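Right, one structure below, let's go through it.
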Amino acid sequence: MKKVLFATTALVFSAGIAAAEVTISGSANAGFKYSENATGITAFSGEKTTGWYEIDMDVIGTTETDSGLTFGARIQLDTDYSSASKGTEGLKGNVFISGAFGTFSVGTGLFPMADDSGLTDIGFDGIGVDNVAEAGMYTGSADARWDYSVGALTLGVSLNTIKDDYGIKVGYDFGQFGVLVAFDHDEELTSVSVDGLGHAIPAMENDSASIKLTGKFGDVKGELFYASSDVVDDSYGIYAAYTMGALTLEAAYAEMSVAGHGDADAYGIGAKYDLGGATLAGGIGQNVYEDTVADLGVAFKF
């Protein structure tokens, strides 16, 4: 990832015991989305075909002590077509400290450990297949995290110190295969509705668990994802991709079920082309409302 530094190439302060640096990095995408009956990805506009953009930008300032500890602060600037139209664009921030013990972070803009998992979606921004697979995943929140990795092992714990939510994760990279297991506890889930099933959920505690398996065999890679919670009995998904030079072809399928309310599924196929610094991508499929959905656009990191 390229990093754009304030001032000239870098902004470095020397104070005898520390050196400081400020960087800007992020990602963005733009394109068009289609939904047969203006559901799902275009529901915010009520139109079948709409333009779309999303920008996620991080401003990170760090300083390193002579003892090897890194102290940092992160400001997150996020905006997209939907939040801009509703006036809900985000500004979040958190502070962290890193060392041999891992990284402790406190603030907003943090996610529960289960968010590190999930299924890869189809398209430049996503047509929503992953949302179905992840319906049984986490509903909790976090304002503090501990992340640690040693060799192929990754560990993590998240907390919300105000709402008493918490989560844990354990991951291991076997080389050709990988596995990530996560648990999330939401102390008080507010009333929500599960898309496509018309299932209204009252306020309640919600525990969820998920597992993700990844594999790569030459030019083919795949993912299997499963989650279950007190709200959604089962949700799962499968994703596969094949790369030929700059072109990647992909497909995904997902399904979820809620007791007494039936099942719902979604699927899609897509293609991505590496432009060298950016990606042209598009996908088409069916969402949980049985509507045809599609997107086409570009995505890049900086």
Side-chain angles (χ1 to χ4, degrees), residues 1 3 17-27 56-78 90-120 130 134 136-175 177-189 205-214 223 225-230 301:
M1 177 184 298
K3 294 182 177 179
I17 61 171
E21 185 177 87
V22 178
T23 66
I24 301 176
S25 62
S27 62
D56 298 318
M57 184 178 295
D58 289 346
V59 180
I60 302 175
T62 60
T63 183
E64 186 173 338
T65 67
D66 286 345
S67 61
L69 295 178
T70 298
F71 292 84
R74 176 186 294 107
I75 296 176
Q76 297 170 270
L77 308 169
D78 301 330
L91 173 61
K92 301 174 183 177
N94 52 76
V95 176
F96 60 89
I97 176 174
S98 298
F101 49 80
T103 300
F104 286 100
S105 305
V106 178
T108 59
L110 302 176
F111 294 94
M113 285 298 151
D115 188 72
D116 294 355
S117 186
L119 189 74
T120 298
D130 61 327
E134 298 161 9
M137 205 163 69
Y138 73 93
T139 58
S141 56
D143 61 9
R145 280 180 59 127
W146 170 66
D147 293 90
Y148 178 77
S149 63
V150 55
L153 178 68
T154 59
L155 303 171
V157 177
S158 60
L159 300 169
N160 187 310
T161 58
I162 298 174
K163 297 181 179 180
D164 297 327
D165 298 347
Y166 59 86
I168 59 174
K169 75 168 182 182
V170 179
Y172 197 87
D173 184 356
F174 294 93
F177 300 94
V179 60
L180 180 63
V181 179
F183 172 82
D184 180 75
H185 172 78
D186 187 344
E187 183 67 17
E188 188 174 356
L189 170 67
E205 289 188 21
N206 183 44
D207 290 331
S208 61
S210 62
I211 180 170
K212 179 177 182 178
L213 303 176
T214 59
E223 301 173 3
F225 181 80
Y226 174 82
S228 180
S229 71
D230 294 335
K301 295 180 179 181

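Fair warning: this is a prediction, and the values are worked out from it, not measured in the lab.
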Practice item. Could you please spell out the steps behind the side chain to side chain contact (heavy atoms under 4.5 Å, CB included) verdict for Ile211 and Leu180? Key: CA-CA 6 Å; Ile211 180 170; Leu180 180 63; over 6 Å; no
Point to revise | Pairing of Arg145 and Asp147 as salt bridge, 4.0 angstrom limit | key: yes
Revision key, fill the gap. Residues at least two apart in sequence or cross-chain that pass side chain to side chain contact (heavy atoms under 4.5 Å, CB included) with Asp115, listed by chain then number, are Phe111, Tyr138
Practice item. Would you please classify the geometry between the Tyr166 ring and the His185 ring as parallel, tilted or perpendicular, with 30° and 60° separating the classes? Key: parallel
Practice item. Would you check if Val181 and Tyr172 make a side-chain contact, meaning some heavy-atom pair closer than 4.5 Å? Key: no
Review point. Can you tell me how far OH of Tyr148 sits from CG of Leu155, rounded to the nearest 0.5 angstrom?
Key: 8.0 Å
Check your understanding: Do the side chains of Trp146 and Leu159 get nearer than 4.5 Å, heavy atoms only?
Key -> no
Check your understanding: Has the side chain of Asp184 got a donor or acceptor atom that lies under 3.5 Å from a matching backbone atom of Ser208?
Key -> no
Practice item. Please check if any side-chain donor atom of Ser98 sits under 3.5 Å from a side-chain acceptor atom of Thr103, or the reverse. Key: yes
Exercise for review: Determine, step by step, whether Asp165 and Ser141 satisfy the side chain to side chain donor-acceptor pair (under 3.5 Å) criterion, reporting the C-alpha distance in whole Å, the side-chain angles of both residues, the deciding distance to 0.1 Å, and the verdict.
Suggested key: CA-CA 6 Å; Asp165 298 347; Ser141 56; 3.1 Å; yes
Review point. Taking Ser27 for the side chain and Lys301 for the main chain, is one N or O donor matched with an acceptor at less than 3.5 Å?
Key: no
Study note, to complete from the structure: CG of Leu213 to CD of Glu223, rounded to nearest 0.5 Å, is 10.0 Å
Check your understanding: Is a side-chain donor-acceptor pair under 3.5 Å present for Thr62 with Glu21?
Key -> no
Check your understanding: For the atom pair CZ (Phe183) and CD1 (Ile168), what is the distance rounded to the nearest 0.5 Å?
Key -> 7.0 Å
Practice item. State, yes or no, whether a side-chain contact exists between Ile97 and Thr70 at a heavy-atom distance under 4.5 Å. Key: no
Study note, to complete from the structure: Here the gap from Phe225 atom CZ to Ser117 atom OG, rounded to the nearest 0.5 Å, amounts to 4.5 Å
Revision key, fill the gap. Smallest heavy-atom separation, Ala142 atom then Ser158 atom, equals CB-CB, 4.0 Å
Exercise for review: Using the side chain to side chain donor-acceptor pair (under 3.5 Å) rule, pick out the option among Asn94, Thr108, Asp56 that qualifies with Gln76.
Suggested key: Asn94
Check your understanding: Are any side-chain N or O atoms of Asp58 and backbone N or O atoms of Ile60, one a donor and one an acceptor, separated by less than 3.5 Å?
Key -> no
Review point. Quick one: are Ile75 and Leu91 in side-chain contact, heavy atoms under 4.5 Å?
Key: yes
Exercise for review: Give, for atom CZ of Arg74 and atom OG of Ser105, the distance between the pair rounded to the nearest 0.5 Å.
Suggested key: 6.0 Å
**Study point:** Evaluation steps, side chain to side chain contact (heavy atoms under 4.5 Å, CB included), between Lys212 and Val179
**Key:** CA-CA 6 Å; Lys212 179 177 182 178; Val179 60; over 6 Å; no
Point to revise | Smallest separation among heavy atoms of Asp116 and Lys169, with atom names | key: OD2-NZ, 2.6 Å
Review point. Of the non-hydrogen atoms in Ala114 and Ala182, which two are nearest, and what is the gap between them?
Key: CA-CB, 3.7 Å
Review point. Do Lys163 and Glu188 meet the salt-bridge criterion of a basic N to acidic O distance under 4.0 Å?
Key: no
Point to revise | Side-chain H-bond candidate by donor/acceptor type, Ser67 with Thr65, under 3.5 Å | key: yes
Review point. Measuring from Thr120:OG1 to Asp130:CG, what's the distance to the nearest 0.5 Å?
Key: 8.5 Å
Point to revise | Non-hydrogen atoms of Asn206 and Asp230 that approach each other most closely | key: OD1-N, 3.1 Å
